Amino acid sequence: ASVEVLGYPFSGGQPRGGVDEGPEALVKAGLLDQLSALGWEVKFNSQAMNDVRELAVQEHDSGIGKMHKPLAVSAVNERVAADVAAIQERGALSLTLGGDHSLGMGTVAGTKRRFPEAALIWVDAHADINTPLTTDSGNLHGCPVSFLLGLEGTDVPPFNVWLQPCLRPEDIVYIGLRDIDDKEKRILRELGIKVFTMHDVDAHGIGRVMERVLAHVGAARPIHLSFDVDALDPTVAPSTGTPVRGGLTFREGHYIVEAIAETGNLVAVDIVEVNPALEDEASAAQTVAIGCSLSRAALGETLF
Ligand SMILES: CN[C@](CCCC[B-](O)(O)O)(CCN1CCCCC1)C(=O)O
Ligand SMILES: [Mn+2]
Ligand SMILES: [Mn+2]
Ligand SMILES: [Mn+2]
């Protein structure tokens, strides 16, 4: 079985430098060899990595409402969607290394082109479902899900040139939420989106939560997993742009991925928001190592 790895050095969805160094740090930590050691045929698309560095630089990139760097986010994600869809057309699993979570706009759009019935499991401290009208920050890493759903205010150029709404509210399940803006809460409730917050993890335990997640998803659907490392507790994954206390333990995070891998239905994985430049060396290395271990777990590495 083959996995094609995309590394996107992109930080345009949020203001903090360093998250663009995530892909290189993960590769330098030996991720590709680690995946080969699991028996996967591994391809790394270095051309895409270099192309995105250029796509990330757009002239006069401001001033569409409150959105920051809309042209860069759109241009990069248009390319991401094409790359991911092409990988899945080839029958390979796509592993996307970020880079910030605005990349989810492109990865999920790409998966949906090949698997329209795919389910999306979004592991994150945040819902990332702000629209251009509801966002306070203007940071588009807080908005990818609203664009995928086609919510009010997302049908704007240049996004609507390449992105059509492709996600239904019942397609997505969240795990790990603990920092949701009020307007996002309203959207989640109005759309009846399935949410497992940290409160639910505490109440039921991760095993039961995953039973419910996978029951909601159903046993026969392709699964796209989008994992924001800030879903983990900041003591576990410290080097990330928007840390929120009270997150998933190391094992809870890995159990989520292991349970999804066990279904055999995984078609795409995003590992995003690793920012090696934010903390001291040891914390950065720890966060990168967790990005690698989550990736291995997604590709079937088991404890026994
Ligand atoms: C919760 N929404 C935030 C964070 C988005 C995080 C994106 B992710 O990819 O890391 O998950 C935060 C907005 N708050 C910032 C602080 C003041 C209150 C609003 C936003 O900027 O939209
Ligand atoms: Mn996120
Ligand atoms: Mn987050
Ligand atoms: Mn972030």
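Atoms considered below: every heavy atom in the structure, side chains included; atoms not considered: hydrogens, waters and symmetry mates. Quick caveat, the model's predicted, so the values are computed rather than measured. Atoms within each ligand, like the ligands themselves, are counted from 1 in listed order.
For D230, the nearest N, O or S atom to the Mn ion (ligand 3) falls under 2.8 Å. At a cut-off of 2.8 Å, D124 coordinates the Mn ion (ligand 3) through an N, O or S atom. Counting backbone and side-chain atoms alike, H101 contributes no N/O/S atom closer than 2.8 Å to the Mn ion (ligand 3). The nearest N, O or S atom of D100 is not closer to the Mn ion (ligand 2) than 2.8 Å. Counting backbone and side-chain atoms alike, E273 contributes no N/O/S atom closer than 2.8 Å to the Mn ion (ligand 3).
Considering backbone and side-chain N/O of D136, none are found under 3.5 Å from N/O of ligand 1. Residue D228 has at least one nitrogen or oxygen atom sitting less than 3.5 Å from a nitrogen or oxygen atom of ligand 1, judged on distance alone. Considering backbone and side-chain N/O atoms, D124 comes within less than 3.5 Å of an N/O atom of ligand 1.
Taking the six-membered ring for Trp and the full ring otherwise, the centers of F196 and Y174 sit at least 6.0 Å from each other. If you look at H101 and W122, their ring centroids are closer than 6.0 Å.
Taking Ile, Leu, Val, Met, Phe, Trp and Tyr as hydrophobic and joining them when side-chain heavy atoms fall under 4.5 Å apart, one finds L303 isolated, its cluster having no other members.
Near N130, meaning under 4.0 Å from one of its heavy atoms, ligand 1 places the atoms 2 (N), 22 (O). Within ligand 1, the atoms closer than 4.0 Å to a non-hydrogen atom of E184 are 1 (C), 2 (N), numbered from 1 in the order shown. Atom numbering of ligand 1 starts at 1 in the shown order; those under 4.0 Å from a heavy atom of D179 are 1 (C). Atoms of ligand 1 found under 4.0 Å from any heavy atom of H101 (numbered from 1 in listed order, with element): 9 (O). Close approach of ligand 1 to S137 is summarised as follows: ligand atoms under 4.0 Å from at least one heavy atom of the residue are 20 (C), 21 (O), 22 (O). Under a 4.0 Å criterion applied to the non-hydrogen atoms of T242, ligand 1 contributes the atoms 10 (O).
Within D128, OD2 is the N, O or S atom that lies nearest to the Mn ion (ligand 2). Shortest distance from the Mn ion (ligand 3) to H126 is reached at ND1 (N/O/S atoms only). Nearest N/O/S atom of D228 with respect to the Mn ion (ligand 3) is recorded as OD2.
In this structure, the side chains of V288 and V274 come closer than 4.5 Å at one or more pairs of heavy atoms. Here the side chains of V19 and E273 are in contact, with some heavy-atom distance below 4.5 Å.
Of the candidates D181, L140, D128, D181 brings a heavy atom nearest to atom 3 (C) of ligand 1.
Between D51 and R79 there is a salt bridge, since at least one side-chain N of the basic residue sits less than 4.0 Å from a carboxylate O of the acidic one. In this structure, E152 does not pair ionically with K183, as no charged nitrogen and carboxylate oxygen lie closer than 4.0 Å. Contact check on R221 versus D171 returns a salt bridge, with a Lys/Arg side-chain nitrogen under 4.0 Å from an Asp/Glu carboxylate oxygen.
The two residues Q34 and C292 come nearest to each other via the heavy atoms OE1-CB, 3.5 Å.
Contacts with ligand 1 closer than 4.0 Å are made by no heavy atom of I180, backbone or side chain. Residue contacts with ligand 1 for Q14 are absent, since no atom lies close enough (heavy atoms, distance under 4.0 Å).
Contacts classified as salt bridge (Lys or Arg N to Asp or Glu O under 4.0 Å) and involving residues 1-20 (residues at least two apart or in different chains) are given here: E4-K43, E4-R90.
Grouping the Ile, Leu, Val, Met, Phe, Trp and Tyr side chains by contacts below 4.5 angstrom, directly or via other members, places I87 apart from L97.
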Can you list the steps and then say if T135 with N130 is a side-chain hydrogen bond (donor to acceptor under 3.5 Å, both in side chains)? CA-CA 5 Å; T135 178; N130 271 307; 4.8 Å; no
